[in-house]
Trainee: 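Sharing a structure below in structure tokens format, with a few things to ask.
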Amino acid sequence: MKELAKTYDPGAIEECTYQKWMGRKYFHAKVDKTKKPFTIVIPPPNVTGKLHMGHALDETLQDILIRYKRMQGYNALWVPGTDHASISTEVKVTNQLREEGIDKQELGREGFLKRAWQWKEEYGGAIINQLKKLGSSCDWDRERFTMDEGCSEAVLEVFIRLYEKGYIYKGSRIINWCPVCQTSISDAEVEHEDQAGHFWYINYPIADGSGHVMIATTRPETMLGDTAVAVNPEDERYQHLIGKTLKLPLTNREIPVVADPYVDKEFGTGCVKITPAHDPNDFEVGKRHDLPKINIMNDDATICCPGKYEGMDRYEARKVIVKDLEEQGLLVKVEDHAHSVGTHDRCRTTVEPMIKQQWFVKMEELAKPAMEAVKNGELTFVPERFDKIYLHWLENIRDWCISRQLWWGHRIPAYYCDDCGEIVVAKEAPAVCPKCGCTHLTQDEDTLDTWFSSALWPFSTLGWPQKTEDLEYFYPTDVLVTGYDIIFFWVIRMVFSGYEQTGKSPFHHVLIHGLVRDSQGRKMSKSLGNGIDPLEIISEYGADALRLTLVTGNAPGNDMRFLMDRVKASRNFANKVWNASRFIMMNLGDEKVTKADPGDLRAEDKWILSRVNSLAKEVTANMDSFELGIAVQKIYDFIWDEFCDWYIEMVKPRLWDKEDASRTAALWTLKQVLINALKMLHPYMPFLTEEIFCNLSGEESIMISSWPEYQAEWNFAEEEEAVGIIKEAVRGIRGVRTDMNVPNSKKATVFVVSESPKVQKIFTEGKRFFAALGFASEVVVQKDKTGIDENAVSALIPEAAIYMPLSELLDIAKEKERLKKEENRLEKELARVNGMLNNEKFVSKAPASKIEEEKAKLEKYTQMMNQVKERLVQLGE
RNA sequence: GGAGAUAUAGCUCAGCUGGGAGAGCAUCUGCUUGACGUGUAGAGGGUCACAGGUUCGAGUCCUGCUAUCUCCACCA
């Protein structure tokens, strides 16, 4: 057994421990029908990504579950990988090219993709290595990428299947356009934010010269594309206008006044300009009234209408248009108006609704089984409240725009015949057009939304669409762990894709976590510069300390603040475990101590065995219901409080005494309990526990050892009670001594007075604890106060009265004060208990066990109260 | 406009299906006892936001209300 350092040094062991695990293939899982599988697929981080606290939390939770299940004997598989992250990566590569003075368009599609792959190979792996620093036990042999061969095949397969079933269609519809990224984006990618803006009131002249119609708009520039003005059909003010024609200012185009219930009579002027090509609502109104759709913008959001405004940016055009209207006397007034503006979540640019030919997934039918899954419990969210958010989104789902005007991604497998216009959707380019037989076919230029491929991740990574053994065995996966921020983007799309393609939910449970915020509760962000780098925390405090910090004291689904004080507390705990282990190993020396004679086990041994036993039961139950923070809190308290501060201290005298017949039993118990505690801690703190476990047990690895299970022979109720009483007594003695300012060096005889033979026995057997824990020189147990100095200091516990003849130190005033306080407390307790027991309704309605419990308390408090009163009388009160 | 979350000790937060208010940090007072001062022993500190209700009993369930945060939503 090697000498251990005085403090735990994570840096010294993490790297080589991880290498050991990798080398021995402990993370690797293969089909084994004799074992039950447990599968998690990683939410693939973007290849552009750098490990941040959100990842650290996400990976830690998954690793805890995987390690736990692996120890429980499951065939645990954690599939890792990365996401190609279409826009993010494309922007990165484009910028890199620009720095080299290369224009993306000039380079062309093929050249660009070559560079993008190079970029992916060079930088895309960084995050994978960072995940390893955390201790993640992913099966790296199975690492996948959303654009690798298998995932790409799955994408083609799904696209074609959905197309053939009519779920994917191409259509000219109004979509969200990002003028900077120059691509369409889905509704989910639009973030709405409130911005201060204006309301411009503008007069549109009636063509027959009979006056004006006043409209209000937040976007005057879009009037260039107006093709109507709408009023509510029931609006009495405007009945006479319906059907009339207006002269659209600045263009002199004539547009009709239409009646449409969409218009809110109360809002604005009750007259709404209709711009079908640049507003989703207007688009709908336009469809109902068969209005023309006039596109007024280029892809970069400059005006494309011929004339004065052509080429102006949309905001510049707005200014000029307002000025022109003012000059023509058509601008009535301007009001401040806050309104919600849609922005692109990647670049914050205000999106422009535009009509474009795009590919869509028809969602209505696909959403049904996804909703049903949650309703019938096939799929559960932890915590449950996310059910509602998920269902609400699905109930209101709209078709999913999946085409992107980007190069980096899965190219849409649609081919157009240049001659006859036929569309062919196929895995490979057809040689000839099936309709006209020509050979002039061109593939669609667009790529797919990056979430299209991640939607297939749980099964594409297991070999789908092939019917692989892996898929058969490991799918559906068990748990998906992710943040609430991507439920819409990802979770929902995986679920409906899973049902559609495999007939099953891709996972049974979704464990949702919140965001890791900074110490002030702000989001960690690049622009604020308040991000904390997990790798720095790991190098300073260790991966285990970081992991523990991230999962302690936080309920699922809630955001958490990242506090350095908590990291330090976690580090301290690691050190505590280290030192407790060091102490045990020092005492074990070269002894193996593989067994103990049960007859040699003392009360404290049985107590701690019993405690670790019930801990295993509780922790297992907590982990099974995903209460990972509660579970680790219990392990933490057990190790630090019960095991270190009590058990180890209690057992020290037996260890010092080499002649003690029960020394081996103590060593054996220390070892057993430590091993069990380490095993329970291992999913949380893998490196620390591995290092100690291997030194202590001589076994290969803790991560392949078995999870502690509750065992009936380690259930010692009697000893638990006895040690409980001893602990109370020790606490009482310590409390009194501190109160009286008695130095530890001042030993005293401890008299224990109890009438109960059972309690007398407990204290007689427990005498040895009082020397070390209660600074006793001698312990005398008796049934009354005979022979005890009147002026002895007292400590009263429910089962006994304890006296210490420290008369020279007895401060009567202080002792009285303490007793009064105790009397006070007891009075309250007694009042409460009596109140309950005297309440007829309580006695008749409460469960019998509860009544018994309260009766027992009454007895205990009464006994205690008598002692206190007696003592007060003794002190002349 | 809907929906959700949070409100518990000075700070950051736990508290599962209702049955005597908890942790870490901070504060105060002790301790050079042979694992650990990244330690140890003790102490102080809370009308569990507010108001009702259900119940023998509510931090926990219900209703309302206030504050803060978040998500969803096409009000020009």
Side-chain angles (χ1 to χ4, degrees), chain A residues 4 6-8 192 199 215-219 222 230 262-264 266-275 279-285 337 339-340 342 353 383 385-386 388-389 392-393 396 484-485 487-488 514-515 519 521 541 545 552-555 557-563 565-566 568-587 621-622 625 627 629-630 633 636-637 644-645 648-649 652 656 730-731 734-739 741-745 772-773 775 828-829 832-833 835-836 839-847 849-850 853-854 857:
Chain A
L4 296 178
K6 199 170 168 182
T7 52
Y8 172 57
H192 293 270
F199 235 158
I215 57 97
T217 180
T218 54
R219 303 188 55 202
T222 61
Y262 153 72
V263 180
D264 178 354
E266 313 302 320
F267 194 81
T269 63
C271 303
V272 186
K273 64 191 273 307
I274 302 297
T275 323
D279 183 284
N281 296 312
D282 294 6
F283 181 81
E284 294 301 318
V285 175
H337 180 72
H339 61 133
S340 146
R385 72 180 122 97
F386 289 98
K388 275 187 191 165
I389 295 174
H392 182 254
W393 173 271
N396 297 291
Y484 57 68
D485 49 338
I487 292 176
F488 306 136
L515 263 40
S519 61
Y541 297 95
T552 316
N554 158 256
N558 285 4
D559 289 355
M560 65 174 305
R561 295 189 196 207
F562 193 87
L563 304 174
D565 278 349
R566 299 214 19 238
K568 285 180 191 151
S570 302
R571 186 268 322 259
N572 293 353
F573 177 64
N575 191 54
K576 185 72 182 175
V577 175
W578 179 259
N579 271 292
S581 308
R582 189 164 76 104
F583 172 79
I584 292 166
M585 286 190 246
M586 278 164 56
N587 281 283
N622 286 132
S625 42
E627 292 160 350
I630 294 173
Q633 186 68 55
Y636 178 103
D637 289 342
C644 291
D645 291 343
I648 291 183
E649 294 306 322
K652 272 179 180 173
W656 304 153
V730 168
R731 265 196 283 256
R734 284 168 174 173
V736 170
R737 291 179 60 108
T738 303
D739 248 16
N741 277 322
V742 186
N744 293 352
S745 52
L773 306 180
F775 313 98
K828 280 186 195 154
E829 295 292 359
R832 196 188 59 80
V833 176
M836 283 172 92
N839 184 338
E840 212 177 290
K841 287 177 180 169
F842 172 75
V843 180
S844 61
K845 294 192 177 177
S849 62
K850 182 67 194 163
E853 210 177 293
E854 291 303 321
K857 283 178 196 168

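It should be emphasised that the depicted structure is a prediction, and the values quoted were computed from it without experimental measurement. Residue numbering restarts at 1 for every chain, and letters A, B, ... go by the order of the sequence lines.
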Trainee: If we ignore hydrogens and angles and just use 3.5 Å, is the side chain of A:Asn622 paired with the main-chain N or O of A:Glu627 as donor and acceptor?
Mentor: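 The answer is no, because no donor-acceptor pair under 3.5 Å joins these two groups.
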Trainee: Do A:Glu649 and B:rA41 have a side chain to base donor-acceptor pair shorter than 3.5 Å?
Mentor: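 Check fails, no donor-acceptor contact within cut-off.
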Trainee: Could you state the CZ-C1' distance from A:Arg561 to B:rC11, rounded to the nearest angstrom?
Mentor: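 The answer, rounded to whole Å, is 10 Å.
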Trainee: So, A:Asn579 side chain and A:Thr7 main chain: donor-acceptor pair closer than 3.5 Å or not?
Mentor: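 Not at all, since once roles are kept as given, no pair shorter than 3.5 Å links the two residues.
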Trainee: B:rC74 base to A:Asn281 side chain: any donor-acceptor pair below 3.5 Å?
Mentor: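 Flag set: donor-acceptor pair detected.
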Trainee: So A:Glu284, base contact, sugar-phosphate only, or nothing? Heavy-atom distance under 4.0 Å.
Mentor: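 Contact class for A:Glu284: none.
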Trainee: Separation of A:Ile630 atom CD1 from B:rG24 atom C1', in whole Å?
Mentor: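 So the two atoms are 16 Å apart, to the nearest Å.
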Trainee: Between atom NE2 in A:His392 and atom C1' in B:rA5, what is the gap in whole Å?
Mentor: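 Answer to the nearest Å: 16 Å.
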Trainee: Under 3.5 Å for both donor-acceptor distances, Watson-Crick or wobble: does B:rU17 have a partner, and if so which one?
Mentor: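 Paired with B:rU17, as far as the under-3.5 Å criterion goes, is no nucleotide at all.
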Trainee: Does B:rU40 have OP1 or OP2 sitting under 4.0 Å from an N or O in the side chain of A:Lys576?
Mentor: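 For A:Lys576, the contact criterion (side-chain N or O under 4.0 Å from OP1 or OP2 of B:rU40) is met.
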Trainee: Under a 3.5 Å limit for both distances, which nucleotide forms a Watson-Crick or G-U wobble pair with B:rA3, could you say?
Mentor: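 Its partner is B:rU70.
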Trainee: Students often get this wrong, so: under 4.0 angstrom with heavy atoms, is A:Ala569 touching a base, only sugar-phosphate, or nothing?
Mentor: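 Since only primed, P, OP1 and OP2 atoms lie under 4.0 Å of A:Ala569, the category is sugar-phosphate.
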Trainee: Could you check whether A:Arg737 gets within reach of a base, just the sugar-phosphate, or nothing at all, counting any heavy atom under 4.0 Å?
Mentor: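 Counting heavy atoms under 4.0 Å across all strands, no contact is made by A:Arg737.
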Trainee: Is a donor-acceptor contact shorter than 3.5 angstrom present between the side chain of A:Arg571 and the base of B:rU38?
Mentor: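 Indeed, a donor on one side and an acceptor on the other fall under 3.5 Å apart.
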Trainee: Contact class for A:Arg566 vs. all strands (heavy atom < 4.0 Å): base, sugar-phosphate, or nothing?
Mentor: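 Result for A:Arg566 = nothing.
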Trainee: Once you apply a heavy-atom cut-off of 4.0 Å, does A:Asp645 come out as touching a base, just sugar-phosphate, or nothing?
Mentor: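 Sugar-phosphate: the residue A:Asp645, judged by heavy atoms under 4.0 Å, touches backbone atoms but no base.
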Trainee: Using a 4.0 Å heavy-atom cut-off, does A:Asp264 contact any base of the nucleic acid, only the sugar-phosphate backbone, or nothing at all?
Mentor: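 The residue A:Asp264 makes base contact.
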Trainee: Just to be sure I understand the rule, does A:Ala621 reach a base, reach only the sugar-phosphate, or reach nothing, if contact means heavy atoms closer than 4.0 Å?
Mentor: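 If one applies the 4.0 Å heavy-atom cut-off, A:Ala621 turns out to touch nothing in the nucleic acid.
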Trainee: Taking atom P of B:rG24 as reference, at what distance in whole Å does atom NZ of A:Lys568 sit?
Mentor: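 That distance rounds to 17 Å.
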Trainee: Whom does B:rA23 pair with, Watson-Crick or G-U wobble, provided both distances fall under 3.5 Å?
Mentor: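 Because both required distances fall under 3.5 Å, B:rA23 counts as paired with B:rU12.
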Trainee: Both distances below 3.5 Å, Watson-Crick or wobble geometry, any strand: find the nucleotide opposite B:rU63.
Mentor: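 By the stated definition (distances under 3.5 Å), B:rA51 pairs with B:rU63.
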Trainee: Does A:Ile389 reach a base, just sugar-phosphate, or nothing at all? Heavy atoms under 4.0 Å.
Mentor: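 Touches nothing.
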Trainee: Check whether any side-chain N or O of A:Arg734 sits under 3.5 Å from a backbone N or O of A:Leu773 as a donor-acceptor pair, and report yes or no.
Mentor: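 Yes; at least one donor-acceptor contact below 3.5 Å.
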Trainee: Need one value for A:Glu854: base, sugar-phosphate or nothing, where a base atom within 4.0 Å counts as base even if backbone is also close, heavy atoms only.
Mentor: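 Answer is nothing: A:Glu854 stays at 4.0 Å or more from every strand.
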Trainee: Using a 4.0 Å heavy-atom cut-off across all strands, classify A:Val843 as base, sugar-phosphate, or nothing.
Mentor: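 Nothing, no nucleic acid heavy atom in range.
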